[in-house]
There are 2 protein chains.
Amino acid sequence: MTVTSVHDPSHREALWELEDAFEGGDLISLFGRCTVSYEGRAASDLGAGDRLLVLKPDGAALVHTDEGRQPVNWQPPGSEHHAAVREGQLRVRSTRSNPDETLTVRFSDIHQLSAMAVTGGRDLTLHGSEEDLRTRILERPELVEPGFEPRETERPSSAGPMDVFGVDADGDPVVVELKRRRVGPDAVGQLARYVRALRAELGAEEGADTPVVRGVLVAPSVTDRAAERLADRGFDHVALDPTPEE
Amino acid sequence: MTVTSVHDPSHREALWELEDAFEGGDLISLFGRCTVSYEGRAASDLGAGDRLLVLKPDGAALVHTDEGRQPVNWQPPGSEHHAAVREGQLRVRSTRSNPDETLTVRFSDIHQLSAMAVTGGRDLTLHGSEEDLRTRILERPELVEPGFEPRETERPSSAGPMDVFGVDADGDPVVVELKRRRVGPDAVGQLARYVRALRAELGAEEGADTPVVRGVLVAPSVTDRAAERLADRGFDHVALDPTPEE
DNA sequence: ACATAAATGTCGCCC
DNA sequence: GGGCGACGTTTATGT
């Protein structure tokens with residue numbers, strides 16, 4: 001493990017270390033007093049203060065204050081980092097194109113600079129996603145309703161792929177929309193689009209009568225407005241979590 | 001400015017420094033080899049690897065790898081940090097309630113620990129937001145269309161507050177929806193909800209006839225599908241940026 | 001606390 | 001590369 005770390009470096013020392021770290025593909029942590037300006041999709045300015053600048057070898061840049069989960073300013077991966085000493089300050093600039101964006105951090109004082117060569121351990125396994133919910137339903141279709149039979153996932157339609165397509169105990173087609181958490185009205189609209197598309201598709205095959213196509217929204221819970229829209233459209237809601245209760 | 005920084009500390013040394021930093025309300029940066037586990041709204045596990053852990057005095061915790069703008073794991077502000085030495089590892093745990101969530105980072109090696117007491121400079125001025133777009137339109141209503149007169153912003157309706165409400169050159173009511181960047185079909189749906197709500201409201205006042213209510217989407221550009229939906233509903237699109245071109 | 005909508009959202013997938 | 005939707009979205013705001 002190669003970690004370089006300097007305390008209260010001069011601007012010039014910091015510049016050398018930064019250039020080495022850029023070259024070596026290191027993950028960089030930089031504490032200091034700085035101003036920040038950003039110009040791109042929007043534009044912003046931030047006055048002098050103590051902050052943490054994180055520079056990643058993939059081009060990401062993060063400026064963090066002492067508050068909040070979000071960086072106060074940032075640059076996404078794919079940007080290019082450059083450092084220079086200008087007008088008595090250490091200027092770190094991260095730029096990208098498409099869209100053209102520039103993040104500039106000007107340090108008057110650098111308190112601590114650390115750089116680490118990072119390797120491995122990037123494989124995260126996440127549970128409780130929409131995919132888990134789908135798996136759960138395919139394994140136990142009766143959770144949707146007795147007699148439900150899944151036929152296809154990601155079934156294509158003119159309104160896009162529907163999460164689960166199947167038939168109910170009467171043999172009528174059912175469109176199932178999965179949401180991993182409490183949903184608002186937008187999810188009902190999404191389900192309605194699939195149902196409408198499938199009705200049009202089946203109607204074109206079979207003749208003039210509007211065919212029966214049911215819509216089921218599977219989600220832990222729904223908002224009041226969403227419940228109204230479900231009722232309006234004659235859709236059902238099944239309360240189900242992506243992971244079984246303990 | 002108080003910065004403490006230790007290179008390759010023992011677990012016990014690191015623990016002392018962490019507890020001092022928690023006490024002092026410092027912003028903490030911790031490089032090392034660790035495993036990460038999270039349990040809460042979802043659950044995840046991350047095998048051993050070199051990462052950067054940032055701990056903020058407001059309770060936020062961020063675990064960053066060498067890639068991505070997003071932390072691979074995190075805890076939002078309002079959480080509580082605790083550190084301990086357990087089973088030969090430095091365990092840093094951040095917990096919160098409502099919902100109950102726990103983030104645990106176990107370090108086998110600590111390469112660098114830095115902590116800084118940060119002060120001031122938290123006021124960011126951002127330009128180019130939806131608010132800027134609204135200001136621009138209120139100052140120059142003719143940018144929407146000749147003869148347009150704004151009457152109200154955030155006008156309430158049963159579908160929520162509409163961005164700008166006004167009348168056109170013929171005196172017909174106009175609902176304006178503002179978007180700071182290129183939009184998809186969802187924005188048209190949002191506009192449609194406001195227009196529908198206003199038609200219902202005015203119709204209830206005036207009688208049986210559906211009153212004329214126009215919908216205008218102001219955005220730099222729209223996707224093809226959004227353009228279709230705009231045409232379907234008889235709405236207009238005005239191409240406008242939140243900030244004037246240079 | 002709940003519902004709603006914005007965000008420099010970011011990220012991943014598919015066309 | 002654009003369009004589209006999910007995300008442990010986060011964040012702000014109104015009720």
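First the proteins, then the strands, lettered A, B, ... as listed; each starts at 1. Values in this document were obtained by computation on a predicted structure and should not be read as measured data.
- A salt bridge between B:E228 and B:R225 is absent, with no side-chain N of the basic residue lying under 4.0 Å from a carboxylate O of the acidic one.
- Rounded to an integer number of Å, the gap from CD of B:E130 to P of D:dT13 is 13 Å.
- Nucleic acid contact for A:R182: sugar-phosphate only, since backbone atoms but no base atoms lie under 4.0 Å from a heavy atom of the residue.
- Comparing C:dC11, D:dG8, D:dG5 by their nearest atom to the side chain of B:R69 picks out C:dC11.
- Here B:P76 lies in heavy-atom contact (under 4.0 Å) with a base.
- Contact annotation for A:R193: backbone-only contact, meaning every heavy-atom pair under 4.0 Å involves sugar-phosphate atoms and none involves a base.
- The nearest whole Å value for the distance from the CZ atom in A:R225 to the C1' atom in C:dC2 is 13 Å.
- Computed from coordinates, the B:N73 CG to D:dT9 C1' distance equals 14 Å when rounded to whole Å.
- A straight line from NE2 of A:H64 to P of D:dT11 spans 10 Å, rounded to a whole angstrom.
- Counting any heavy atom pair closer than 4.0 Å across all strands shown, B:A159 reaches sugar-phosphate atoms only and no base atom.
- Defined by atom type and a distance below 3.5 Å, a donor-acceptor pair is present between the side-chain atoms of A:K56 and B:H64.
- Rounded to a whole angstrom, the distance from the P atom of D:dT11 to that of C:dC11 is 15 Å.
- At whole-Å resolution of the value, CZ in B:R229 and C1' in D:dC4 are 13 Å apart.
- Within 4.0 Å (heavy atoms only), A:E101 reaches at least one base atom of the nucleic acid.
- Comparing the same atom, P, in D:dC4 and in D:dG8 gives a spacing of 23 Å after rounding to whole Å.
- When both distances must be under 3.5 Å, the Watson-Crick or G-U wobble mate of C:dT8 does not exist.
- Across the protein-nucleic acid pair, A:R180 atom CZ and D:dG5 atom P stand 18 Å apart, rounded to whole Å.
- Phosphate proximity of D:dT10 to B:W74: present, with a side-chain N or O under 4.0 Å from OP1 or OP2.
- Here B:T223 does not reach the OP1 or OP2 of D:dG2: none of its side-chain N or O atoms lies under 4.0 Å away.
- Across all strands shown, B:S129 has heavy atoms under 4.0 Å from sugar-phosphate atoms exclusively, and none from any base.
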Check the pair A:V105 / A:R91 against side-chain contact (heavy atoms from CB on, under 4.5 Å), numbers first and verdict last.
CA-CA 6 Å; A:V105 185; A:R91 189 190 70 192; over 6 Å; no

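- Checking A:R51 against A:T65 by side-chain atom types alone, no donor-acceptor pair falls below 3.5 Å.
- B:D186 comes within contact range of no nucleotide atom at all, as no heavy-atom separation falls under 4.0 Å.
- If you check every strand for non-hydrogen atoms under 4.0 Å, B:G68 touches sugar and phosphate atoms only.
- Within 4.0 Å (heavy atoms only), B:P242 reaches no atom of the nucleic acid at all.
- Distance OH (A:Y38) to P (C:dG9): 7 Å, rounded to an integer number of Å.
- Taking atom C1' in both D:dC7 and C:dA7, one finds a spacing of 14 Å when rounded to whole Å.
- The 5' end of DNA chain C is approached more closely, in terms of each residue's nearest nucleotide, by A:A226 than by the other of A:A226 and B:R181.
- For the residue pair A:K179/A:Q190, the side-chain donor-acceptor check at 3.5 Å is satisfied.
- One atom, CG of A:L62, and another, C1' of D:dT10, lie 15 Å apart when rounded to the nearest Å.
- Inspection of the A:E177 and A:Y194 side chains reveals no N or O donor paired with an N or O acceptor under 3.5 Å.
- With hydrogens and angles left out, the side-chain atoms of B:T119 and A:D50 include a donor and acceptor closer than 3.5 Å.
- Within the 4.0 angstrom heavy-atom criterion, base atoms lie near B:Q75.
- Residue-level contact check: A:Y194 touches neither bases nor backbone, having no heavy atom under 4.0 Å from any strand.
- At a cut-off of 3.5 angstrom, the base of D:dG8 holds no donor-acceptor pair with the side chain of B:Q70.
- Comparing A:N98 and A:Q190, the nucleotide of DNA chain D nearest to each residue sits closer to the 5' end for A:N98.
- Nearest-nucleotide positions on DNA chain C for B:L124 and A:P77 put B:L124 closer to the 5' end.
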